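The structure presented is a predicted model; accordingly, all values stated were derived computationally and were not measured.
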Amino acid sequence: MPERLAEMLLDLWTPLIILWITLPPCIYTAPMNQSQVVMSGSPLELSRLSEQRILNRSKRGWVWNQMFVLEEFSGPEPILVGRLHTDLDPGSKKIKYILSGDGAGTIFQINDITGDIHAIKRLDREEKAEYTLTAQAVDWETNKPLEPPSEFIIKVQDINDNAPEFLNGPYHATVPEMSILGTSVTNVTATDADDPVYGNSAKLVYSILEGQPYFSIEPETAIIKTALPNMDREAKEEYLVVIQAKDMGGHSGGLSGTTTLTVTLTDVNDNPPKFAQSLYHFSVPEDVVLGTAIGRVKANDQDIGENAQSSYDIIDGDGTALFEITSDAQAQDGIIRLRKPLDFETKKSYTLKVEAANVHIDPRFSGRGPFKDTATVKIVVEDADEPPVFSSPTYLLEVHENAALNSVIGQVTARDPDITSSPIRFSIDRHTDLERQFNINADDGKITLATPLDRELSVWHNITIIATEIRNHSQISRVPVAIKVLDVNDNAPEFASEYEAFLCENGKPGQVIQTVSAMDKDDPKNGHYFLYSLLPEMVNNPNFTIKKNEGERATSAFGLEQLIQKAKNHPLREMCAEQGRQTHHLRRGKRKHREDNSLSILAKHNGFNRQKQEVYLLPIIISDSGNPPLSSTSTLTIRVCGCSSDGVVQSCNVEAYVLPIGLSMGALIAILACIILLLVIVVLFVTLRRHKNEPLIIKDDEDVRENIIRYDDEGGGEEDTEAFDIATLQNPDGINGFLPRKDIKPDLQFMPRQGLAPVPNGVDVDEFINVRLHEADNDPTAPPYDSIQIYGYEGRGSVAGSLSSLESSTSDSDQNFDYLSDWGPRFKRLGELYSVGESDKET
C-alpha cells in the first residue's frame with residue numbers, strides 16, 4: 001500500500017515539475033539593455049548580433065520554439081501560457097506585440113504591451129493536441145514591424161481524462177466442449193484516447209470481473225483461455241464473461257472500461273445413443289400392404305447435429321426376412337417396414353433385435369465405450385379377412401378351334417386362406433371378354449366354350465377370372481388366364497395371289513410359262529405340303545402340263561421369332577415364350593427339310609396363235625396334307641401374246657395383230673392426238689367468230705337508232721296493241737330489277753335494285769314505261785351519248801307527238817329538228833343525229 005501511494009504522488013507531481021521547468025525561460029526578466037526573448041530566425045535579431053560581435057560581447061538571449069499548457073484546466077482567471085519579449089523593448093512602451101495563428105484571439109490572448117499569452121478557454125488534447133501561432137513586435141505608433149514574424153507552437157499537455165473503451169464489444173466466441181486447460185478462446189481489444197507517449201494514461205491492463213473459474217485472460221495481450229478442462233456442453237452450454245480494461249497500468253486512480261464476452265461450447269460426439277426403452281411392442285394386420293410402416297423406435301443422443309445421427313439395423317430375430325428398418329434423418333428414429341406378406345394362420349408373432357449406432361464417431365472419445373445401443377421389438381400379427389388365393393398366379397389353357405360349344409377348356413381353383421374358410425364363387429370379368437366367348441362355372445371354376453373359335457382370326461384370348469368370397473363380397477381376387485386356340489385343318493389351300501400367265505406365240509415346247517405357289521391359313525405341326533393336279537377331264541390337256549418343283553428350302557427362324565414377338569405382348573410372356581421355344585425345338589427336327597411347294601406350268605407345243613385363241617383357262621386342284629386333307633380348285637389365266645425374238649412380251653391384244661406392219665401402236669396414238677387437237681382449234685375459232693361484238697359507233701346511214709318490228713299483217717296504227725304480244729315489253733331481266741346494258745361494259749358495279757313483281761297482261765303500260773325510264777335516267781353505267789329506247793306504246797298527251805317515222809305524213813326532207821334542242825340535252829343530241837343524216841343524203 002505505501003508503494004501504491006508513492007506511485008500516485010509521483011504521477012501527480014510529474015506534470016507540475018515539467019511545467020515549472022518550462023515556464024522560467026519565458027518569464028525571466030533581464031536588464032533593460034539585454035534581450036529577454038529572442039525570436040529565432042529573425043533577420044533583425046541576426047543583424048544586431050553581428051554588429052555587437054564587432055563592437056562588444058553581449059549576453060546571449062533565450063532561443064525557444066514551443067510552449068506548454070495543461071488540458072482541462074479551469075479556473076477563475078485565464079491561465080498564463082508564456083511571455084514574449086524582444087531586446088528592442090527598452091521599457092518605454094513604444095513596442096506592441098501581435099499574435100496570430102491557430103486560436104489567436106479566441107483561445108489565446110496576448111497582452112500587447114507585456115507580451116503575456118493567456119489561455120482563455122478550456123483545452124482538450126483529444127480534440128487538438130497543439131496550436132501553431134505567429135508572434136511579431138511592431139512600433140506602437142506606426143505599426144511598422146520591428147522584427148520579422150516568428151512562429152512557435154503551444155502544445156497541450158495530456159492528463160488522464162479518458163477511460164478505456166471496447167469499440168467492438170460485446171463479444172461472442174465458441175470453443176469445443178471437453179477442451180484441455182489453456183485452450184485459446186478469443187482475444188479482445190480496448191482503446192484509450194489519452195496520449196500513449198506521455199505518462200501511463202494510455203497503458204492498459206486487462207482482467208476478468210466475472211467468469212471465473214472457467215476462463216482466464218492475459219493482462220497485457222487480452223487473450224482469453226479456458227481455465228478448466230473438459231467442460232461439458234450437455235451440463236452447461238453458454239457462459240458470460242465480464243472483462244475490464246484499466247489505464248495507468250492498472251494502478252489505483254486509473255480509469256477503466258468493461259465489456260462482455262459470451263462463450264458457447266460447441267458439440268462433439270462424446271455421448272452414445274440410448275434407447276428410451278428396452279422393449280417395444282407393435283401389432284400389424286396380416287393383410288397390410290408391403291412397405292407399410294409398422295412402428296418407430298428411437299435412440300436418444302444428448303449430442304446435436306451430425307454427432308447425434310444414428311443408423312438402425314436388425315441384427316437378430318425370427319423376422320429378419322420379413323421386416324426391415326430404415327433411418328429417418330429428420331426425426332432421428334428407425335422405421336420398421338414390412339418386406340414380405342404376413343400370414344396369421346402360419347405365424348402369429350415375431351421378435352426382432354434392433355441396434356442403433358452413431359454414424360460419426362470421434363476417435364478421441366472411443367475409450368468411453370461403444371457408441372451404440374440395442375433394444376428388442378416384438379411384433380404381433382393380427383388376423384384379417386383375406387381375399388381368396390388362386391392355386392396359380394397365372395393359367396395357360398389350350399383349345400382346338402373346332403371344339404364343341406359348352407365343352408370344358410380348363411379349370412381354375414382358389415381357396416379362402418382364413419380359418420373360417422368361406423366358399424368361393426367364380427366369374428369372368430366381361431371387360432376382358434367383350435364377345436362373351438367363354439363361360440365359367442361359378443362353383444367349381446370350370447371354363448367352357450360359349451361361341452365357336454377361329455384360330456385364323458385370333459390365336460390368343462386373354463381373360464380375367466374373379467374369385468369372390470360368398471360370405472364377404474368385398475373380398476375378391478383376380479387371376480389372368482391365357483387361352484391358346486390350337487389349329488385344325490379347316491381351310492383348303494389356294495393360290496398365294498391372283499396369277500396371270502403370258503405365253504409367247506413363238507414359244508418353245510417345254511418352256512415354263514408361270515411358276516405359282518399356294519398358301520393355307522392353317523398351321524400344321526409339320527408344315528405345309530401341297531399336291532397339285534389337273535382336273536380329271538383335263539389330264540390329257542394338249543396345250544399345257546404342270547410340274548411340281550422339287551427341292552428344299554432352308555428352315556427359317558421366322559416362326560420362332562414371330563412366336564416370341566407375340567409372347568412379348570402377352571401377359572404370360574415368359575410362359576408363352578418358353579413354350580414357343582420348346583415347340584420350335586420339337587418341330588425343328590421334323591421340319592428340317594421342307595418342300596418347295598411351288599408349281600411350274602409348261603407349254604406342250606409351239607405355234608400358239610392369238611387370232612385363233614387369245615386366252616386359255618387352266619384349272620388346277622391344290623390339296624394339303626391335313627387329316628382329313630382339303631383341296632380347292634384355282635384357275636390360272638394364260639394369255640397368248642406377241643413377243644420379240646428374245647422373249648419380251650410386246651402386245652397381247654388381237655386388234656394389234658391386224659394393224660399395218662409398218663405402223664406401230666405409239667404412232668397411231670400420236671396421229672389420233674394430233675387430229676383431236678386440230679378439231680379443238682377449229683371449234684374454238686368458230687365459237688369466237690360467232691361471239692365477236694359489233695362496234696358501238698354506227699356510221700352514217702346505219703345510225704337509225706331505232707328497233708323496227710316487222711309484221712306479216714298491217715296493223716291498225718299505234719293504238720292497236722293486238723297485232724303483237726305486248727308481253728315482250730316485260731323483259732324477264734327487268735322484272736328482277738336489274739337491267740344490264742348490252743351496248744357498253746359498265747365501269748361501276750352496283751347492287752341490283754329490287755324489281756317489281758311480275759304482273760299479268762293488260763296492266764297500265766304507261767306506268768311500266770315511266771318506271772323503266774326513271775331507271776334508265778339514274779343508271780350510272782349509261783354511255784356518254786344518248787341511247788334511244790323504242791317502245792311499242794309511246795303514251796298519250798305528248799307535246800311532240802309521235803316520233804315514229806312510220807306514221808309521218810311528211811318526208812324526211814321536210815322535217816326540221818332544230819326545235820328538239822329546246823327540250824333538253826337528250827333531244828338536242830337526237831336532233832343533231834337526224835340533221836347529220838339528212839345533210840349526208842343531200843350531199
Check against salt bridge (Lys or Arg N to Asp or Glu O under 4.0 Å), Lys521 and Asp490: CA-CA 9 Å; Lys521 296 180 180 179; Asp490 59 347; over 6 Å; no
Please confirm whether the backbone N or O of Ser600 pairs with a side-chain atom of Thr515, one donor and one acceptor, at under 3.5 Å? no
Step-by-step side chain to side chain donor-acceptor pair (under 3.5 Å) determination, Asn472 to Asp385: CA-CA 9 Å; Asn472 186 359; Asp385 190 5; 2.9 Å; yes
Measure the shortest side-chain to side-chain distance between Leu352 and Thr376 over non-hydrogen atoms and say whether it is less than 4.5 angstrom. no
So with a 6.0 Å cut-off around NZ of Lys353, is the heavy-atom count from everything else above 12? no
Does any non-hydrogen side-chain atom of Glu210 lie less than 4.5 Å from one of Ile243? no
Are any of the side-chain heavy atoms of Ile466 and Val479 separated by less than 4.5 Å? no
So, are Arg436 and Asp433 salt-bridged, with charged N and O less than 4.0 Å apart? no
Rounded to the nearest 0.5 angstrom, the CZ-OG distance for Phe371 and Ser310 is 11.0 Å
Between Val297 and Ile336, the two heavy atoms sitting closest are CG1-CD1, 4.4 Å
Residues Lys347, Asp318: salt bridge by 4.0 Å N-O rule: yes
With a 3.5 Å distance limit and no angle check, can you tell me whether Thr635 reaches the backbone of Pro619 through a side-chain donor-acceptor pair? no
Can any side-chain N or O of Ser327 pair as donor or acceptor with the backbone N or O of Tyr312 at less than 3.5 Å? yes
Can you find a heavy atom in the side chain of Asp373 that is under 4.5 Å from one in the side chain of Glu355? no
Could you tell me whether the side chains of Asp429 and His431 share a donor-acceptor contact shorter than 3.5 Å? yes
With no hydrogens and no angle check, is any side-chain donor or acceptor of Lys446 less than 3.5 Å from a backbone partner on Ile440? no
Heavy-atom count around Ile180 CD1 within 6.0 Å, excluding the residue itself: above 12? no
Would you say the side-chain atoms of Ser497 pair up with the backbone N or O of Tyr499, donor to acceptor, closer than 3.5 Å? no
Can you tell me which residue pairs pass the side chain to side chain donor-acceptor pair (under 3.5 Å) test with a partner in residues 266-289, sequence neighbours excluded? Arg233-Asp267, Glu234-Asn271, Asp267-Asn307, Asn271-Asp303, Ser283-Glu382
Sidechain-backbone polar pair: Thr264 side chain, Thr174 backbone, donor-acceptor under 3.5 Å: no
Closest approach of Val354 and Ile325, non-hydrogen atoms and distance? CG1-CD1, 3.6 Å
Hey, what do you get for NE2 (His400) to CG (Leu486), rounding to the nearest 0.5 Å? 4.5 Å
Glu469 versus Asp416: any side-chain heavy-atom pair under 4.5 Å? yes
Distance-only, no hydrogens or angles: does the Gln411 side chain make a donor-acceptor pair with backbone N or O of Asp444 under 3.5 Å? yes
How are the rings of Tyr214 and Tyr239 set to each other: parallel, tilted or perpendicular (split at 30° and 60°)? tilted
Please list, one pair per line, the donor and acceptor atoms closer than 3.5 Å that link side chains of residues 624-632 to other protein atoms, with sequence neighbours excluded.
residue: Asp624; atom: OD1; partner: Asn489; partner atom: ND2; Å: 3.4
residue: Asp624; atom: OD1; partner: Gly626; partner atom: N; Å: 3.4
residue: Asp624; atom: OD1; partner: Leu630; partner atom: N; Å: 2.7
residue: Asp624; atom: OD2; partner: Asn489; partner atom: ND2; Å: 3.2
residue: Ser632; atom: OG; partner: Pro493; partner atom: O; Å: 2.2

Atom pair OG/CZ of Ser477 and Phe426 - distance to nearest 0.5 Å: 10.0 Å
Test salt bridge (Lys or Arg N to Asp or Glu O under 4.0 Å) applied to Asp328 and Arg296, step by step: CA-CA 10 Å; Asp328 187 347; Arg296 292 174 176 258; 3.3 Å; yes
Short side-chain donor-acceptor distance under 3.5 Å, Tyr529 and Ser623: no
Would you name the heavy atoms of Arg430 and Phe438 that are closest together and state the gap between them? NH1-O, 2.9 Å
Give the minimum heavy-atom separation between Ser634 and Ile622, together with the two atoms involved. OG-CD1, 4.1 Å
What heavy-atom pair brings Glu456 and Asp522 nearest, and what distance separates the two atoms? OE2-OD1, 3.0 Å
Hydrogens and angles aside, do Thr420 and Asp418 bring a side-chain donor and acceptor to less than 3.5 Å of each other? no
Can a donor-acceptor pair be found between the side chains of Ser598 and Asn549 at a distance below 3.5 Å? yes
Would Ser391 and Thr413 count as a side chain to side chain donor-acceptor pair (under 3.5 Å) here? Give the steps. CA-CA 6 Å; Ser391 59; Thr413 58; 2.7 Å; yes
Please name the pair of heavy atoms, one in Leu534 and one in Ile621, separated by the smallest distance, quoted to 0.1 Å. O-CD1, 4.0 Å
Is any side-chain heavy atom of Tyr350 closer than 4.5 Å to a side-chain heavy atom of Leu342? yes
Would you check if Thr183 and Val175 make a side-chain contact, meaning some heavy-atom pair closer than 4.5 Å? yes
Keeping Asn358 on the side-chain end and His360 on the backbone end, is there a donor-acceptor pair under 3.5 Å? no
In terms of heavy-atom contacts, does CD of Glu435 have more than 12 from other residues, nucleotides or ligands at under 6.0 Å? no
Would you say that Leu240 contacts Thr260 through its side chain, given a criterion of any heavy-atom pair below 4.5 Å between the two side chains? yes
Any donor and acceptor pair, going by atom type alone, linking the side chain of Asp313 with main-chain N or O of Ile315 inside 3.5 Å? no
